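Working notes, structure below.
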Amino acid sequence: MTVKTRFAPSPTGMLHIGGARTALYAWLHARHHGGQFVLRIEDTDKERSTDEATQVILDGLKWLGLNWDEAPTFQAERIEKHKQAVQQLINNDLAYRCYCSREELDDMREAQRAAGQKPMYDGRCRHRHDEKTDQPFVIRFRSPTDGETIVDDQVLGAVHFQNKEIDDLILMRSDGSPTYNLAVVVDDADMGISHVIRGSDHLNNTPRQIQLYQALNLTIPTFAHIPLIHGADGAKMSKRHGAVAITDYKKQGYLPDAVVNYLVRLGWSHGDEEIFSRQQLIELFDVAQVGKSASRFDTQKLDWLNAHYLHTSSANALCDVVQEQLDFSTSTGPELTQVIAALQERSKNILDLAAQATMFYQAPASYDAKAVKKNFKEGTTAFVESYIEQAQRLPEWEKEALHQLISTTCEKFEIKMGKLAQPLRILLAGVPVSPPIDLTLSLLGREESLQRLKQGLAQLSNAS
RNA sequence: GUCCCCAUCGUCUAGUCGGCCUAGGACACCGCCCUUUCACGGCGGCAACACCGGUUCGAAUCCGGUUGGGGACGCCA
């Protein structure tokens, strides 16, 4: 059997972190088995669906690198198929008209709740034979009342539902449009989906859908319900947990590889391994090994993974994403790739890296007062001036020589390296943090370095 | 409320069908080392089988119950 999975979001909002993981698992499952991964946009709720949301979802998937096969399917365009299925059920007496008004149904549910029961349709139109042509009606499925329906889930195992717990769901609204449960079944069967991988919030819909597959005489796919992701407080993920939309992670300086690695490990593992390349994931991932319990979203671990990928990526590969975050031109300063190479190991995300890169293209506007106070003591000016003096005469302005010079200057004054390096750093960057000082000097270049050092020294001695 | 699911360190998890678990790894946290700053890195530490009963020579692992958490109960998807 050829494997075909799908991701079927409704375009009513952003692609959130839970949906992204579900998509990732479906994608991995397909790729692992050499099958296909397709998209179906569930846009049957015209009230809330928007083109913008569809685009945001597609962008999110692209950013994560989850490529799909075939052009995305739009559920709203398949309405005729859905109607045919409903007609087939009516013809077989497996569906019927229900004339109950919304008010009537509301009252019924309210009464049931008050009586401590589960609110569900009581089937009051199930046996009526009069066709009232002048009144609006919906089509309901005549679902079995006895026995049980078993969902044989790849993640959860066999889950039993008593058929008497399942009411007659609406297949077609009074305006003639099909509802979700009918549409998914018809579409998944029609598209040849072999594995339905989705969030466990759909588990309760599954027995209903299985009954529909049976009523329509369609092949039932394999189901895998993925546990939900909760916020750090254990509650459902929402706005107050920070970034919910997957695109927010891009804005916050995360790398897609890190997000993918984090997401896949949230609910799945392979021994003690933490870091997985895409290729490894495709080779190792098995949806049946996904854990059954919901997990909490932990930003700190994501941060760690992000830093890991940031440190191990090639500076070249990072160039574009860093460039996007810069609000100044890099044409006048050192090669951006070299700056990234110097900075990536000491940055925790792209935003952080971009911020640190600023000093290579803009001279400090001010000097950190605390750092100045701490590092400029008796004699400091003499060490620095001596270094500048010597550096000016260097035939080649390069890292090794600049480093040598720091060593010899320190020996000459009998001071530790920090006594010289920190003042230099503050003069060059304005803050007491930068890549190694010799590297910083060489990247900045002779002219820019000397200018910053002299100007800074003058400014600081004026102030004191 | 009813139905369904879940339950190992604070978090993510290992724990292949009971013994090798005085429960392993990772993140976080705390020390120490490295060090020209900040980081990286290295070493070490803290920390969990929800509870109660069974089954068994033996249970984190099997069974039942309790408690706790989550999901679903729409002419939304």
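Quick note on labels: first sequence line is chain A, next is B, and so on, each numbered from 1. Model, not experiment: these values are computed from the prediction.
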Checking one value: the base orientation of B/C40, syn if chi is within 90 degrees of 0, otherwise anti. syn
Reference residue A/N181; test side chain to side chain donor-acceptor pair (under 3.5 Å); the match among A/Q209, A/R208, A/Q211: A/Q209
Specify the separation, in whole Å, of atom CG of A/L439 and atom C1' of B/C40. 15 Å
The contact string for nucleotides 2-18 of chain B, one letter per nucleotide 5' to 3', using protein heavy atoms under 4.0 Å with B, S and - for base, sugar-phosphate only and none, comes out as BSSSSS---SBSS----
Measure across A/S174 and A/P136 and return the closest heavy-atom pair with its distance rounded to 0.1 Å. CB-CB, 4.4 Å
Would you mind classifying the nucleic acid contact of A/T44 as base, sugar-phosphate or nothing, using non-hydrogen atoms under 4.0 angstrom? sugar-phosphate
How is A/D167 classified with respect to the nucleic acid when contacts are heavy atoms under 4.0 Å: base, sugar-phosphate, or nothing? nothing
Tell me whether the side-chain N or O atoms of A/R346 pair up with the base of B/C38 as donor and acceptor below 3.5 Å, since no angle test is needed here. yes
Pairing nucleotide - B/A59, Watson-Crick or G-U, each distance under 3.5 Å: none
Distance between P atoms of B/G45 and B/U8 (Å, rounded): 25 Å
Which is true for A/P435 with a 4.0 Å heavy-atom rule: it touches a base, it touches only sugar-phosphate, or it touches nothing? base
For the pair A/Y213 and A/F223, name the ring-plane relationship: parallel under 30°, tilted 30 to 60°, perpendicular over 60°. perpendicular
Under 4.0 Å, heavy atoms only, any strand: does A/R48 hit a base, just the sugar-phosphate, or nothing? base
Shortest non-hydrogen contact between A/P221 and A/I193, atoms and distance: CB-O, 3.6 Å
Over all strands shown, is A/D303 touching base, sugar-phosphate only, or nothing at heavy-atom distances under 4.0 angstrom? nothing
Using a cut-off of strictly less than 4.0 Å between a heavy atom of the residue and any atom of RNA chain B, enumerate the qualifying residues of residues 408-433 of chain A by number. A/M417, A/G418, A/A421, A/Q422, A/R425, A/P432, A/V433
